[in-house]
Protein chains: 2
Amino acid sequence: MVDSTRHSVVAVVLRVRDGRLESLVRGVPLGSGETLEEALSRAVDVGALAHHEQLETRLLADGTLATVYLGLVPADRDLDGDWRPAGSDELVVAATARLRAKLSYTNAGFALAPAVFTISELREIYVAALGHDVAATNLQRVLVRRGVLERVEGVRAPGRAGGRPAALFRFASSSLEVTDQFAVLAPRRPGSRASA
Amino acid sequence: MVDSTRHSVVAVVLRVRDGRLESLVRGVPLGSGETLEEALSRAVDVGALAHHEQLETRLLADGTLATVYLGLVPADRDLDGDWRPAGSDELVVAATARLRAKLSYTNAGFALAPAVFTISELREIYVAALGHDVAATNLQRVLVRRGVLERVEGVRAPGRAGGRPAALFRFASSSLEVTDQFAVLAPRRPGSRASA
DNA sequence: ACAAAAGTGTTAAGGATACACCCATGA
DNA sequence: TCATGGGTGTATCCTTAACACTTTTGT
């Protein structure tokens with residue numbers, strides 16, 4: 001047994017700030033007898049992440065075997081580091097792709113949004129993360145229908161330009177849940193209304 | 001640097017045989033300087049797999065860090081080994097879950113089906129892999145609509161009990177493709193008919 | 001009154017399941 | 001001609017994007 005391939009854990013963290021998707025990449029070598037999750041928590045403050053999941057394990061250019069994680073930080077939480085616009089870095093692209101997919105069929109938005117928000121604010125986050133326009137009307141309808149969003153007491157006062165006060169919402173759950181079962185060919189499930 | 005955590009590559013291979021989903025699990029230690037794919041090809045005959053993809057990397061009970069792959073073998077190809085009914089093994093369960101998901105939104109069936117088949121035969125494969133009943137009518141319609149299946153010349157003669165001869169089909173592609181863009185909130189894509 | 005922002009009602013289109021019915025073959 | 005397996009036509013349901021219209025505020 002030679003001291004063969006070195007192994008490391010890389011965190012690719014994403015957040016939306018000022019209407020832009022930003023990324024932060026950090027890696028640490030995997031310690032002897034250390035868990036992947038333990039190494040991850042050395043690489044980044046896991047407490048600041050509302051959600052994280054493993055992406056893939058790949059051989060980096062420098063010959064180390066890296067297990068890559070995707071982490072998401074809510075808009076109202078701070079995590080300092082070298083944040084950059086989510087660009088063309090290969091790992092960041094993979095992480096972004098995963099995020100976009102999950103925004104479509106899970107409640108992953110909870111991990112990017114602040115605790116309480118208006119539909120307009122949520123729309124900005126989705127636009128930045130998805131990279132294409134999203135209609136506020138449909139965003140609300142889809143997420144409410146799926147039981148992902150819940151109304152919160154009160155409204156947000158309009159700005160200096162006026163306008164109707166906006167209703168406040170929050171995500172019903174703060175852990176990842178699949179909300180759109182894309183199970184084609186499945187028998188029709190009769191009483192499949194939201195059970196909550 | 002101690003000779004820290006050992007790393008291995010595990011192949012979880014699935015196939016459908018006699019209407020049942022079967023699994024084969026094989027693992028090898030990752031050699032020094034060896035690629036994950038190289039180790040995989042030592043663990044199993046990759047040439048017999050119509051498709052394979054990485055599942056996850058996890059710490060096994062014995063303390064080795066294992067990168068797990070899912071492999072799929074077509075019904076008309078042979079790969080010997082200790083095939084067992086796909087059961088409750090944790091890795092096999094994870095692999096089965098991934099397979100079921102991919103059967104819904106990709107053309108993954110190509111990796112389980114023989115080169116040419118009737119809809120009935122394909123239905124048996126889907127039933128075994130998905131674990132629930134599938135209507136032949138809808139299976140055909142969904143897959144043909146998506147451009148996943150193609151007609152092949154000729155028909156299969158009926159058995160001794162009679163019946164109409166069955167049309168033959170094949171998969172249009174033999175590499176994994178996403179056929180159902182579950183992209184909710186996306187603007188309507190106008191000319192998105194099959195481009196082939 | 002008017003502009004601006006938010007929210008609701010309604011329409012239309014597409015995808016998918018279910019089911020009734022027609023087709024082709026062997027005995 | 002009847003049973004059997006295969007295939008097509010059609011109806012219905014559901015989800016969702018689009019858009020017009022109403023509501024509520026500030027100036």
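Residue numbers start from 1 in every chain, and the chains themselves are labelled A, B, ... in the order their sequence lines are given, proteins ahead of strands. Everything numeric in this text was worked out from a predicted model, so none of it was measured.
Regarding R123(B), its CZ atom lies at a distance of 15 Å from the C1' atom of dT17(C), rounded to whole Å. Rounded to whole angstrom, the span from the CD atom of Q140(A) across to the C1' atom of dG9(C) amounts to 13 Å. Residue L168(A) contributes atom CG, which lies 9 Å from atom P of dG7(C) at whole-angstrom precision. Atom CZ of F117(B) is separated from atom P of dG6(D) by 14 Å (rounded to the nearest Å). When the P atom of dT15(D) is taken as reference, atom CG of L139(A) falls 17 Å away, rounded to whole Å. The interatomic distance linking R146(B) (CZ) with dG14(C) (C1') rounds to 13 Å, in whole Å. Computed from coordinates, the E124(A) CD to dA5(C) P distance equals 12 Å when rounded to whole Å. Protein atom CG of L122(A) is 18 Å distant from nucleotide atom P of dA5(C), rounded to whole Å.
F117(A) has its ring centre less than 6.0 Å from the ring centre of F171(A).
A salt bridge does not link E37(A) with R42(A): none of the charged nitrogens is closer than 4.0 Å to a carboxylate oxygen.
Residue V152(B) belongs to a hydrophobic cluster whose other members are V116(B), L168(B), with links defined by side-chain heavy atoms closer than 4.5 Å.
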- Message: Output one letter per nucleotide in nucleotides 19-27 of chain C: B when a protein non-hydrogen atom lies under 4.0 Å from the base, S when only the sugar-phosphate is that close, - when neither is.
- Response: B---BBBSS

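Relative to the side chain of V184(A), the nucleotides dT8(D), dT17(C), dT16(D) differ in distance, and dT17(C) lies closest.
A side chain to side chain contact (heavy atoms under 4.5 Å, CB included) with R26(A) is found for one member of V12(A), V44(A), D82(A), D45(A) and no other, namely V44(A).
For the ring pair (Phe, Tyr, Trp, His ring centres under 6.0 Å) condition, no pair includes a residue of residues 14-71 of chain B, sequence neighbours left out.
The shortest distance between the side-chain N/O atoms of R156(A) and the OP1/OP2 oxygens of dT25(D) is not below 4.0 Å.
At a threshold of 4.0 angstrom between heavy atoms, the contacts of A167(A) are confined to the sugar-phosphate backbone, with no base atom among them.
Between the side chain of N107(B) and the main chain of T179(B), no donor-acceptor pair closer than 3.5 Å is present.
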